[in-house]
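In what follows, chains are A, B, ... by sequence order, proteins preceding strands, each numbered from 1. Just so it is clear, the model here is predicted, and its values are computed rather than measured.
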Amino acid sequence: MSSTKVILIGGGLAGLMAAIRVAELGHSVDLFSVVPVRRSHSVCAQGGINAAKNLKGEGDSTWQHFDDTVYGGDFLQNQPLVKGMCEAAPGIIDLLDRMGVTFNRTPEGLLDFRRFGGTLYHRTAFAGATTGQQLLYALDEQVRRFESEGKVRKLESWMFLSAVLDDAGVCRGVSAVSLRSGEVRTFPSDAVIVATGGIGAIFRQSTNSVACTGSAQSALFQQGVHYANPEMIQVHPTAIPGEDKCRLISESVRGEGGRVWVPKAAGDGRDPRTIPDAERFYFLEEWYPKYGNLVPRDVATRAIHKVVYELGLGIDGKNMVYLDVTHLPREMLTRKLGGVLEIYEKFVGLDPRDHPMKVFPAQHYTMGGIWVNNENQATNVPGIFAAGECEYQYHGANRLGANSLLSCLYGGMLAGPAAVKYAQSIAKSAESVSSAVYEREQKRQEEIYDRLRSQQGEENPISLWKEMGETMTQHATVIRYNKDLQAADAKLAELQDRYHRINLADTGRWGNQSLHFTRELGNMLVLARLIVQAAALRDESRGAHYKPDFPDRDDEHWLRTTRAEYDNGSFKFQFDPVDTSLIPPRKRSYTSS
Amino acid sequence: MAEAKTILVRVKRQAGPQDTPQWEEFSIRWRPNMNVIACLIDIAENPVTSDGRKTTPVSYEANCLEEVCGACAMVINGHSRQACSALVDHLEQPIRLEPMSKFPLVRDLVVDRQRMFNDAKRMRCWVPIDGTYAIGPGPRIAPERQEVAYALSRCIFCGNCLEVCPKVNEHGDFVGAAIVNQVRLFNMHPTGAMHAHERLRAVRGPGGIQECDNAQNCVKACPKGIPLTESNNDVNRQALLDSILGWMFH
Amino acid sequence: MSAKTVATAEIPPEAAVVPAAVPDRSYFWDKIHSLTGIIPIGAFLVEHFWSNSYALVSADLYNRQSSDLQTIPWRVPVEALLIWIPLLYHGFYGIYIWSRGKANISRYSYGANWMYVMQRWTGLVAFVFIGWHVYVERFLTQGRSNYFDVAATLSHPLYLSFYVIGILAVSFHFGNGLWQFSNKWGLAVGAHAQRKAAWVAGAIGVLFAVVGLLIVCAFVFHWQPFQFYAQ
Ligand SMILES: Cc1cc2nc3c(=O)[nH]c(=O)nc-3n(C[C@H](O)[C@H](O)[C@H](O)COP(=O)(O)OP(=O)(O)OC[C@H]3O[C@@H](n4cnc5c(N)ncnc54)[C@H](O)[C@@H]3O)c2cc1C
Ligand code: SF4
Ligand code: FES
């Protein structure tokens, strides 16, 4: 068996897991990342990772986990792989445990589990309130070990630009740019795994990291890779607003007993600590007695929306509610939630152990993403695989908390070996591909950069980005109306037009961040339009996608995966049936159940 | 309503590693809850100095914006810290931004901290596992032990502890408290401990623990509150015992 | 890695094996440096303060004690091995260590950082003082100077201030050095233990300074508070 080279784009949880699997099989990896991989967005994940290990004697099972996930996703997933993921979860936790993740422990020295949204079981393993950080570090260290053995080469501060496709449309490598020197290069390989994470930057202020632009996904989409369920965008109910980003206050805060409320009287301006219990409206607990504060995110977000906009009960009349942990023991809060509470303390300046936190909903996650087959993470383009938040497979119309880290790891575990297998099965390897194929792609990319550098006009990339973010946040998040979506699309088209009049203040090469950002912005605009157009098409309400004009789920017409294909500036949509062979769809309601 | 306030920000600019640095001043419109990153975004939107001269956007690093990725370390008003958690309202003005001085400069506020990752390699900072196949759960660990390890494992590789350390500079090659702390962390783990000898040998190598002279700035600068001086001393103890035992028995 | 290294954007070379670091001599020499500060230099310091304390009893006893010390067997090799070589090593290696650091108290003026800087300057002062002291008392006078010779020297304000500064520097350097030692040899690990060690080391430093100054007083004011012992 000869050794092949796999290119990995992205060093978050999904990318690192895939890298480990490839290296473990004895093959070499080129790992590209815009940030040093240890700084990838996965470090932000706070709450935990799900696995039905049933260590609390609750009778939890992987099937129950599977059922919760599918139900939580409003039945939009192809079920077999979701089942596979839930069955693999306990083993994945064991693996992480062996890698040295500092999971919280019970007095017996076993893993501790907490509750999360959309389930009635203690199923979420956690490491303080910085679980993603701890998981990412463990994987990063394993990859560093392979690096020191000469099996992995990291290309950090290199940004993926495009796939190199040969005349038959087969992927033969990638083109990338050095964020330092501005030099564009192509890199040959037989298989490429894309693990580039979320797309929060399209909404400007989201809970995501700066590098989550979705630019890579969009570039691939424009090269013919299909994109699925773009309209499925998760808005997290509890974040704190900031000038530069919205900082998440994890669902684990509610998992450990945090309560959401507003004053019963509209415009009650009293210090929240002085408002007696009888004058507080614990709306989640009242409306959803069984799940209480731990309803899934789409449900909680819409409840907040209702409280604020229909009942007019938002704090100070604003889109804000209280998330309260002041009734919980301080020592427990610090031990289990220290990392999250610190964020509130540092960025708001109040200690949440004493003051109820003011929170509001913010864009958080994309369930939609690169289309992959429901077998081994392969996309429709031969040689390109995808894993992690950038693909659409596991979460349907709404993701349950603590399921994403799991899906990233599971996807990475599948993608690595699948890419190796593919690379070894093809008759003609990248080495025998004519160098003209690479030169052509390099030239195409350099021309795009040259155009950006030389174009004239009065527009500024940051301003356009802000306008795009406002449009998207306003029209394509919690509540959607067709006419707003159409207006948003028109606005985005206008931005695309103005994009060509961006005048860069800096046209140099070395370390020119605004140049690369502008490059990404062009890609973001395409993805933004894809989201609003797909949202406009889906005339029903399902999971995170909610249209007051079509308030119900419509399985007859819309139990379908939206699948988009790029067609010279516009999009072609097709609607695939969903594989619901294991759990037949049933009505989703958290009020009683 | 209060009238529009402005914020003065001075940035030490340097176009590339070979260029000479120069200071530029910007005035920025104040909004509530601003941090240093928000100021830098504003500058990118309107790259004009406070005396009306057009310039280029400032290069800087940032990712998570919630002090968990480590990217945004820089020297703010003379102190090395994370820019995302540096709230404008808590800073003296004009706010002075400089790149870290102990790492090779790339451009403006961007430096190359690759050496930390390289040192982590040389010091074997990982738990070596046999493979990713399913071979059952990891070792049991007492909750008290987990709590100590968790505190150590929150290091974000920001490099602030290196920047403030008098022993990290162009004459010395000290790996810095962050890496020493990693050695302690992995030696604590039941599986990691099986390879403690290799790590303890490495940490007595060039730039190793012997370089620490207890100025103890690291522990003050660490945004994650990691007990770095404890880690230094603990690794000192382990390394010493290992060297004596190694000398006697190996 | 130095600040002068240039960051480049070359494509990283092909993946390559990175071996673990291995111990080098600097670890050994550094440990020897910190050890010599305690044994024998620290021990000698204790002995030296002790024998000089006879000046607090009586001039006679002081003179007898000092002539006893002049007549120990194997005097030269003993002195060389226990005092001169360790002292020279400790001093010059200390200066080498100093040269590898770059103080930054103007930016980070924290307690321990001040100690770091003070340790270097007091070390230098102590080194010069001890060098001069040894030269005068051991080589110029062949170690035969008695109580009255010393008193005569100390009656000179310039020498007096040199002695006072020297004794303070030595005491600080020794006290803080003890704390350094407890860190560097991992004797005090936890924050609490470090604080306790700092107290103990600080107390020892102060004790040395006080005793040293009292000895100076014994010569300057012919003050022998323990004279009644000898009666
Ligand atoms: C605040 C917050 C809290 C969360 N908490 C939880 C939780 O508790 N539990 C849970 O299960 N999930 C949680 N999530 C979701 C989860 O963190 C993410 O979905 C997951 O980390 C995504 O991992 P990833 O590997 O797909 O991508 P990422 O970690 O985002 O990594 C993407 C990688 O791709 C690289 N990259 C991107 N574009 C390019 C390009 N063009 N060229 C080269 N490289 C590129 C980046 O550098 C990075 O290395 C949370 C999310 C947020 C925002
Ligand atoms: S130890 Fe602290 S200061 Fe040093 S790199 Fe880690 S987090 Fe930063
Ligand atoms: S941006 Fe991640 S630490 Fe500041």
Colleague: Below 4.5 Å from any heavy atom of chain A, which atoms of B:Lys54 appear? Answer side chain, backbone, both or neither.
Modeller: neither
Colleague: Could you list the residues that satisfy side-chain contact (heavy atoms from CB on, under 4.5 Å) with A:Leu55, not counting sequence neighbours?
Modeller: A:Lys53, A:Phe113
Colleague: When only pairs under 4.5 Å are counted, which of B:Pro190, B:Gly192, B:Cys64 shares the most heavy-atom pairs with chain A?
Modeller: B:Cys64
Colleague: Would you call A:Asp97 and A:Arg105 a salt bridge, taking side-chain N to carboxylate O under 4.0 Å as the test?
Modeller: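 Judged by the 4.0 Å cut-off on N to carboxylate O distance, A:Asp97 and A:Arg105 do form a salt bridge.
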Colleague: For the residue pair B:Phe157 and B:Phe117, does the interplanar ring angle fall in the parallel (under 30°), tilted (30 to 60°) or perpendicular (over 60°) class?
Modeller: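 Because their plane-to-plane angle is under 30°, the rings of B:Phe157 and B:Phe117 count as parallel.
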Colleague: Could you have a look at A:Glu156, A:Lys466, A:Met17 and say which one has the most heavy-atom pairs with chain B under 4.5 angstrom?
Modeller: A:Lys466
Colleague: Side chain from CB out, backbone as N, CA, C, O: work out which of these in A:Glu342 comes under 4.5 Å of a heavy atom of chain B, or both, or neither.
Modeller: side chain
Colleague: Which one, B:Leu185, B:Asn35, B:Thr132, leads in non-hydrogen pairs under 4.5 Å with chain A?
Modeller: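 Answer, by heavy-atom pair count under 4.5 Å with chain A: B:Thr132.
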Colleague: Contact part of A:Thr507 toward chain B, heavy-atom cut-off under 4.5 Å: side chain, backbone, both or neither?
Modeller: neither
Colleague: Taking the side chain as everything from C-beta on, heavy atoms only, tell me whether A:Lys346 gets closer than 4.5 Å to B:Gln82.
Modeller: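 Counting from C-beta outward, A:Lys346 and B:Gln82 never come under 4.5 Å.
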Colleague: So which part of A:Phe517 gets closer than 4.5 Å to some heavy atom of chain B, the side chain, the backbone, both or neither?
Modeller: neither
Colleague: Is A:Thr106 in contact with chain B via its backbone, its side chain, both, or neither, using a 4.5 Å heavy-atom distance?
Modeller: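 The answer is the backbone of A:Thr106.
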Colleague: Could you go step by step and tell me if A:Asp112 and A:Arg335 meet the salt bridge (charged side-chain N to carboxylate O under 4.0 Å, His left out) rule?
Modeller: CA-CA 13 Å; A:Asp112 199 1; A:Arg335 185 160 44 84; 5.7 Å; no
Colleague: Examine whether an atom of A:Thr130 lies under 4.5 Å from a heavy atom of chain B, and if so say whether it belongs to the side chain, the backbone or both; otherwise answer neither.
Modeller: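 Contact with chain B is through both the backbone and side chain of A:Thr130.
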Colleague: One thing to verify: whether B:Glu24 and B:Arg53 come together as a salt bridge, which I'm taking to mean a side-chain N less than 4.0 angstrom from a carboxylate O.
Modeller: yes
Colleague: So what's closer than 4.5 Å to chain A heavy atoms on B:Arg122: side chain, backbone, both or neither?
Modeller: neither
Colleague: In this structure, are over 12 heavy atoms from other groups packed under 6.0 Å from A:Glu458 atom CD?
Modeller: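 Correct, the count exceeds 12.
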Colleague: If we define contacts as heavy-atom pairs under 4.5 Å, which of B:Cys84, B:Gly16, B:Pro57, B:Gly136 has the most with chain A?
Modeller: B:Gly136
Colleague: Using heavy-atom distances under 4.5 Å, tell me whether B:Asp108 contacts chain A through its side chain, its backbone, both, or neither.
Modeller: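 Neither part, no heavy atoms under 4.5 Å.
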Colleague: With a 4.5 angstrom heavy-atom cut-off, is it the side chain or the backbone of B:Pro47 that approaches chain A, or both, or neither?
Modeller: side chain
Colleague: When heavy-atom pairs shorter than 4.5 Å are enumerated against chain A, which of B:Ala134, B:Ala149, B:Gly70 gives the highest number?
Modeller: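 Highest number of pairs under 4.5 Å: B:Gly70.
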Colleague: So for A:Asn512, is it side chain, backbone, both, or neither that comes closer than 4.5 Å to the heavy atoms of chain B?
Modeller: both
Colleague: Which region of B:Pro32, side chain (C-beta onward) or backbone (N, CA, C, O), has a non-hydrogen atom less than 4.5 Å from a non-hydrogen atom of chain A, or is it both or neither?
Modeller: backbone
Colleague: Examine whether an atom of A:Gln46 lies under 4.5 Å from a heavy atom of chain B, and if so say whether it belongs to the side chain, the backbone or both; otherwise answer neither.
Modeller: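 Side chain only.
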Colleague: Name the member of A:Ser463, A:Gly338, A:Gly508 that forms the most heavy-atom pairs with chain B at distances under 4.5 Å.
Modeller: A:Ser463
Colleague: Looking at A:Gly91, A:Cys44, A:Cys212, A:Ala88, which makes the most heavy-atom pairs under 4.5 Å with chain B?
Modeller: A:Cys44
Colleague: Examine whether an atom of A:Ile93 lies under 4.5 Å from a heavy atom of chain B, and if so say whether it belongs to the side chain, the backbone or both; otherwise answer neither.
Modeller: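 Neither part; nothing is under 4.5 Å.
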Colleague: Considering only heavy atoms, which portion of B:Ala120 lies under 4.5 Å from any heavy atom of chain A: side chain, backbone, both, or neither?
Modeller: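 For B:Ala120, heavy atoms of backbone and side chain both lie under 4.5 Å from chain A.
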Colleague: Which bit of B:Ile129 is near chain A, if near means a heavy-atom gap under 4.5 Å: side chain, backbone, both or neither?
Modeller: both
Colleague: Does the pair A:Asp94/A:Arg98 count as a salt bridge with the N-to-O cut at 4.0 Å?
Modeller: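 Not counted as a salt bridge, because no side-chain N and carboxylate O are separated by less than 4.0 Å.
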Colleague: Under a 3.5 Å threshold, yes or no: a donor from one side chain and an acceptor from the other, between A:Glu141 and A:Tyr137?
Modeller: no
Colleague: With a 4.5 Å cut-off on heavy-atom pairs, point out which of B:Leu65, B:Ile135, B:Val127, B:Thr191 contacts chain A the most.
Modeller: B:Leu65
Colleague: Please look at B:Val68 and chain A and tell me whether the side chain, the backbone, both or neither of the residue comes under 4.5 angstrom of a heavy atom of that chain.
Modeller: both
Colleague: Highest number of heavy-atom pairs under 4.5 Å with chain B: which of A:Glu147, A:His41, A:Lys154?
Modeller: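 Winner by heavy-atom pair count: A:Glu147.
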Colleague: Any chance the side chains of A:Asp506 and B:Thr56 put a donor and an acceptor closer than 3.5 Å?
Modeller: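 No - no donor-acceptor pair under 3.5 Å links their side chains.
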Colleague: Are B:Glu61 and B:Arg107 within salt-bridge range, i.e. N to O under 4.0 Å?
Modeller: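 Looking at B:Glu61 and B:Arg107, the cut-off is not met.
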Colleague: Name the region of A:Pro90, side chain, backbone, both or neither, that has any atom closer than 4.5 Å to a heavy atom of chain B.
Modeller: neither
Colleague: Is it the case that over 12 heavy atoms from other parts of the model lie below 6.0 angstrom from the CG atom of B:Asp130?
Modeller: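 Counting other residues, nucleotides and ligands, CG of B:Asp130 stays at 12 neighbours or fewer.
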Colleague: Looking at B:His90, B:Met188, B:Arg154, which has the largest count of heavy-atom pairs under 4.5 Å with chain A?
Modeller: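 Among B:His90, B:Met188, B:Arg154, the one with the most close pairs to chain A is B:Arg154.
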Colleague: Going by residue number, which parts of residues 138-148 of chain B are within reach of chain A, meaning a heavy-atom gap below 4.5 Å?
Modeller: B:Gly138, B:Pro139, B:Arg140, B:Ile141, B:Pro143, B:Gln146, B:Glu147
Colleague: Pick whichever of A:Gly242, A:Pro107, A:Ala138 has the most heavy-atom pairs under 4.5 Å with chain B.
Modeller: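 That would be A:Pro107.
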Colleague: Would A:Glu149 and A:Arg145 pass as an ion pair if we require N to O under 4.0 Å?
Modeller: yes
Colleague: Go through A:Met99, A:Gln142, A:Met413, A:Gln134 and name the one with the most non-hydrogen pairs under 4.5 angstrom from chain B.
Modeller: A:Gln134
Colleague: Check the pair B:Val110 / B:Phe103 against side chain to side chain contact (heavy atoms under 4.5 Å, CB included), numbers first and verdict last.
Modeller: CA-CA 9 Å; B:Val110 181; B:Phe103 302 94; over 6 Å; no
Colleague: I want to check something: taking the side chain as every heavy atom from C-beta on, are B:Pro223 and B:Cys158 in contact at a cut-off of under 4.5 Å?
Modeller: yes
Colleague: Where does B:Asn63 contact chain A at under 4.5 Å (heavy atoms): side chain, backbone, both or neither?
Modeller: both
Colleague: Indicate yes or no: at least one non-hydrogen side-chain atom of A:Lys245 is less than 4.5 angstrom from one of B:Ile37.
Modeller: no
Colleague: Distance check, rounded to the nearest 0.5 Å: A:Arg38 atom CZ versus B:Cys155 atom SG?
Modeller: 6.5 Å
Colleague: For A:Phe347, which atoms come within 4.5 Å of any heavy atom of chain B: side chain, backbone, both, or neither?
Modeller: both
Colleague: Distance-only, no hydrogens or angles: does the B:Glu98 side chain make a donor-acceptor pair with backbone N or O of B:Lys12 under 3.5 Å?
Modeller: no
Colleague: Under 4.0 Å between a Lys/Arg side-chain N and an Asp/Glu carboxylate O for B:Lys224 and B:Glu67?
Modeller: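 Salt bridge: yes.
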Colleague: At their closest point, which heavy atom of A:Asn460 faces which heavy atom of B:Ala44, and how far apart are they?
Modeller: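 Minimum heavy-atom contact is ND2-O, 3.4 Å.
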Colleague: Please classify the contact of A:Gln513 with chain B as side chain, backbone, both or neither, using a heavy-atom distance under 4.5 Å.
Modeller: both
Colleague: Under 3.5 Å, side chain of B:Arg31 to main-chain N/O of B:Ala38, donor-acceptor pair present?
Modeller: no
Colleague: Start with the C-alpha gap between A:Leu31 and A:Leu16, add the side-chain angles, then the distance that decides, and say whether side chain to side chain contact (heavy atoms under 4.5 Å, CB included) holds.
Modeller: CA-CA 9 Å; A:Leu31 177 52; A:Leu16 293 177; 3.8 Å; yes
Colleague: Side chain, backbone, both or neither: which part of B:Ile156 has a non-hydrogen atom closer than 4.5 Å to chain A?
Modeller: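 Both parts, heavy atoms under 4.5 Å.
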Colleague: Using non-hydrogen atoms and a 4.5 Å limit, figure out which bit of B:Cys125 sits close to chain A: side chain, backbone, both or neither.
Modeller: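 Backbone of B:Cys125 only, per the 4.5 Å heavy-atom cut-off to chain A.
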